[in-house]
Amino acid sequence: MAIDDQDWKDEQARVDDVTRQINRKMAVLEQEVGAARGDVVGMRKDFWDEVTVNFSEPDDVGETSTSLRQQSQVLTEIELAHKRSSVTLDKLRRLSGSPYFGRIDFKEVGEPATDHIYLGIGSFLDDDEETFLIYDWRAPVSSLYYDGAPGPASYRTPVGNIEGNMELKRQFVIRDAKIDVLFDTGVTIGDELLQQVLSHTADNQMKNIVATIQKEQNSVIRNDRSRLLVVQGAAGSGKTSAALQRVAYLLYRYRDSLRADQMVLFSPNSMFNSYVSTVLPELGEENMLQTTFQAYLERRIGREFDLEDVFSQMEYLLAWKDDLEHDARVQGIRYKSSATYLKAIRRYTELLLTEGMAFRPIRFQGKDIVTREQMLDKFYGFDSAVKLGNRIELMRDWLLKEVSLFGRKERKEAWVEEQVQLMSTDDYHRAYTMMRRKQKGKMPSFDDFQLEAELAARMVVNDWLKPLRKWVKRLRFADIKAVYRKMFTDEVLFAKINNGQLPEGWEDFAKQTVSRLDQGELGYEDATPYLYLKEQLQGFRSNHAIKHVIVDEVQDYSPFQLEFMKRLFPRARMTALGDLNQAIYSHNSVFDEEDPLLELYGKENSEIIRLTRSYRSTYEIVDFTRGMIKGGEHIIPFNRRGDKPQVSLYDDRESMHTDIIRDIHGLQQQGYQYTAIICKTESECEEAYHMLKEQITLRKITKNTPAFEKGTVIIPAYLAKGVEFDAVVLYDASSQQYHREAERKLFYTACTRAMHVLHLYAIDEVTPFITDMDADRYVLNDHRG
């Protein structure tokens, strides 16, 4: 709704007044921060000058300790005050140019006056610290702006619902303290503002969306009811953005009991971590912990094996070979990713209580300290009620005692005497110091030489046995690799733990598993099961500090992995974001059915929110991409118009490369700063890169690329998940390259990365994923002779 001139002037006058107050408060805070910084630096520099250090008498020691504690407390208080002032100053700096983005006028039932509520990325009080000039977008009353419409409205607070009437909803775009856009709107955030935001070009980092949060996204952000919140969202529906705003909301809502370092985001790759790293700081919050599941696996078992990552597995699967070895690997991946395999390993660990455990013998210089047989006798001699993990700990304690007994006997061996003779002066001094400590102040006697020799021998043996003790303390005597390997060499055993039957293809993928283990390799599909078995035996490393876990691209996790994650963070709630249509690792998707995911915490503790409206791409691109997937008719495009996707056909690759180069130069001239050439695999990226790099400035993206940067990039489709580009050039969309049904979702994912422009190129014949849809959804350019 249009705003008359007087309303515009009144709103600008308010912006001017609020900005003046913000700037005034900033000036005061800048002085306080500067002074506090000087105090901190000065106190750190003069810390020891203010403390009297005296250790000559017991009373002086106590006085010194008190002085140190007092000075430390004063320094800590000054540093905390400085940090608080700095955080407030940063917030005010963000508010000064654009203090707010929305206004609602709300009259509460039973109240005589209407409240004029202005919303921004942070709250701001007037000079008297009594009246809110700006409300934080996360405040309970702010939900009216996202969910309500002019008319009867209510919002939820910690003490109950507040009923009333919304008399006005108004939106602003304010830059440099000047109103650029101002209009009144209805039910949801107005299309006019969304059009402005979505028509902008891409960026190297995701931005916050607090000014344009939609009603369905707000339901994700403010949900605090369920242990597990599943967000099933179409490509470009803003599920990741909403999840990050959700983090900011939870940190605000539970600020007395929740910190950023108690939340962790599992993202698809390290480049994505960089892409989303600025969202929370923009909102005045510290970043949560960010990692990938692969990074966690590497940290836990990367030293034991040459560990395959999910991208290498993906390359193998996409380089399809019609042979038995490839088929067996696929069958193995599917089985090992399933909940059935998880149950099999649980049965295996129960079986290990009575049989089948494997140990490495404890040996020193070719001598057996404890043999495998002795270890097995001891392990199965414990009470049957003692759990596996506890047995291993008892074994560790027993083995350390056995090593100590062995060490005492070994002191009289000839090799020890030889090492004593080779001891350095410093080592002798250590032995002498130990001797005097044992004498406890007694006068030296003629037996000192004998005692010194015994202590020297003990030192030698202890030093030589130290690595072995360390090895035992790390529980390396339990041969987890052999225990895991045995499942794939003993057909009867595997059938026993798998409900009396062997999974399809077991014989073939079992041989592959054993071969890789013997070469020191561990397939990605084996990594989580192996770690799960290891932790069943050695004790599970749970993290009780984490209170909330966000899993992005959850459709690419297996039930096994999510069950492991649940056990890893036993006190945490979980937000799981995904899109069935982007399940590119479809062999292990939890979204094949909803039940496995909902059973993670139980259906009664779980909730699903579906986001069906797509905002990233133009209407034409969304209409094109939804035509290639099942259920695409349920995806609702946002009405931002553009050109239809261009599909170009060629006889040969040389002609195709010529047009790709021409079109990319054209996109650059149109001002598009983020263009992606998306290939099916990394090997195809390598080939295309060498063909195009002389004519285009290109940056090749790999799984190790740390950050998302401006320019034209060439990237495998599976690494492009989660990010967006102004323009996408899909390299080789031919039927030869994309023809298997298993590749449909990968193709869809690649196409949905485009915000404004989508060009597809093909040799000879276009993929059936395109030709099977209505031809009026794209423009076909046939350049074949």
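Heavy-atom basis, side chains included; hydrogens, waters and symmetry copies ignored. None of the values given here were measured: they were computed from a predicted structure.
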For [Y], is there any backbone N or O sitting under 3.5 Å from a side-chain donor or acceptor partner on [X]?
X      : Y      : answer
Arg571 : His544 : yes
Arg372 : Phe359 : yes
Lys547 : Ser257 : yes
Asn287 : Ser277 : yes
Arg255 : Tyr252 : yes
Asn543 : Ile546 : yes
Gln561 : Ser558 : yes
Arg458 : Arg411 : no

Separation of [Y] [atom2] from [X] [atom1] (nearest 0.5 Å):
X      : Y      : atom1 : atom2 : answer
Arg246 : His548 : CZ    : NE2   : 4.5 Å
Ile333 : Gln512 : CD1   : CD    : 9.0 Å
Glu393 : Leu475 : CD    : CG    : 7.5 Å

| remark: Correct closest heavy-atom pair for Lys721 and Phe272 would be O-CD1, 4.2 Å

| query | Just one of Leu600, Ile609, Ile608 clears the side chain to side chain contact (heavy atoms under 4.5 Å, CB included) bar with Val230, so which one? | reply | Ile608

| remark: Which of Gln294, Glu553, Met565, Gln290 passes side chain to side chain contact (heavy atoms under 4.5 Å, CB included) with Phe266? Answer is Met565

| Parallel, tilted or perpendicular, as decided by the 30° and 60° cut-offs, for the rings of Trp506 and Phe494 | tilted

| request: Assess whether side-chain hydrogen bond (donor to acceptor under 3.5 Å, both in side chains) is satisfied between Tyr532 and Arg346, documenting all intermediate values. | output: CA-CA 9 Å; Tyr532 183 82; Arg346 285 175 175 165; 3.0 Å; yes

| said: Please evaluate residues Gln331 and Tyr335 with respect to the criterion side-chain hydrogen bond (donor to acceptor under 3.5 Å, both in side chains), reporting the C-alpha separation (whole Å), side-chain torsions for both, the decisive distance (0.1 Å), and the verdict. | reply: CA-CA 6 Å; Gln331 287 173 325; Tyr335 174 76; over 6 Å; no

| Distance-only side-chain donor-acceptor flag, Glu525 / Gln313, under 3.5 Å | yes

| message | Do Tyr718 and Asp556 pair up side chain to side chain, a donor and an acceptor below 3.5 Å, judged on atom types alone? | response | no

| Between Tyr530 and Phe305, is the gap from one ring center to the other below 6.0 Å? | yes

| said: Show, in sequence, the C-alpha distance, side-chain angles and deciding distance for Asp518 and Ser515, and conclude whether the side-chain hydrogen bond (donor to acceptor under 3.5 Å, both in side chains) test is met. | reply: CA-CA 5 Å; Asp518 290 346; Ser515 176; over 6 Å; no

| said: Distance to the ring centre below 6.0 angstrom and angle to the axis at most 45 degrees; does that hold for Lys566 and Tyr601? | reply: yes

| task | Could you check Thr513 against Lys336 for side-chain hydrogen bond (donor to acceptor under 3.5 Å, both in side chains), going step by step and ending with a plain yes or no? | result | CA-CA 11 Å; Thr513 305; Lys336 293 173 185 176; 2.6 Å; yes

| Salt bridge or not for Arg567 and Glu535, using N-O below 4.0 Å? | no

